[in-house]
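Order of appearance sets the numbers: ligands from 1, and atoms from 1 within every ligand. As the structure is a computational prediction, the values presented were derived from the model and not from experiment.
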Amino acid sequence: MQTYPDRDAWAEAAAARLAETLAAAIAERGRAVFAGAGGSTPSPIYARLAQADLDWSRVVATLVDERHVPETSPDSNAALMKRVLLTGPASAARFLPLYSPAVTVDRAAAVAAKALSAEGGRLDAVLLGMGEDGHICSIFPDSPTLKTLLTPDLAPTVLGVPPGRDGAAPPQERLSINLPYLASAGRVVLALTGAAKRAVFEREAAGDPAVHPIAALIAAKVPLEVLWTEAA
Ligand code: 6PG
């Protein structure tokens, strides 16, 4: 875990790592796929990444998870990414949504899986956040999709996630990439802020990879960097 004295240094370090990885993928293969999280953590990182001097016209930007809502919804991660990341130089990137107004969330997940597979079925750079319950993407504890999403030897895919029962997370239907997609990545940056999340990360890292997403991510042996700052 790398620690930073303030949010600016933390956000700058995360954006620099992601930009470096995208630029290397473009140099190597002429294209790059970026997948990022929603929620509140990524915005200062997206704002800096958007200004990176790289050939954004060769980048496909997508999400690691999405709420099953249209972009007009205040809950939409697509709307967040378009508003904060896909601006300035990064507006030249092509956005690949996970949501589609398909009849069911599972149908939408199948549509997204097909679209991501058509981009090569792997990710070059990933920005993750983590909930205080230890979830990453929309891989929630106690969810019926938890174990399937964490199964390491399935093909990379996108799955529909039902809302939690009896007040459990998530509050609404979600779409989520699975752990094999994270394992396919050239680099994963997990950005955390605040003392609470540092403690959650350390607890979860020691968990069972079959049911603890952080432990599963570590067990996947993907190039993972955890960047933390106290400034919540
Ligand atoms: C989402 C995110 C989700 C997020 C965590 C942390 O759709 O909400 O993709 O996985 O990373 O919930 O959220 P915060 O960054 O807001 O704490």
For Arg107, which residues count as a salt bridge (charged side-chain N to carboxylate O under 4.0 Å, His left out) partner, sequence neighbours excluded?
none
Rounded at 0.5 Å granularity, tell me how far [atom1] in [X] sits from [atom2] in [Y].
X	Y	atom1	atom2	result
Leu175	Cys137	CG	SG	12.0 Å
Ile139	Arg174	CD1	CZ	11.5 Å
Leu63	Ile177	CG	CD1	9.5 Å

If a pair satisfies side chain to side chain donor-acceptor pair (under 3.5 Å) and one of its residues is in residues 25-47, list it, with sequence neighbours excluded.
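Passing the test, one end in residues 25-47: Arg29-Asp124, Arg31-Glu119.
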Residues in contact with ligand 1, criterion: heavy atom under 4.0 Å
Ala37, Gly38, Gly39, Ser40, Thr41, Asp65, Arg67, Asn77, Gly129, Met130, Gly131, His135, Cys137, Arg174, Lys197
Enumerate, atom names and distances included, each donor-acceptor pair closer than 3.5 Å involving a side-chain atom of residues 81-91, sequence neighbours excluded.
| from | atom 1 | to | atom 2 | distance (Å) |
| --- | --- | --- | --- | --- |
| Lys82 | NZ | Glu71 | OE1 | 3.0 |
| Lys82 | NZ | Glu71 | OE2 | 3.1 |
| Ser91 | OG | Gly88 | O | 2.6 |

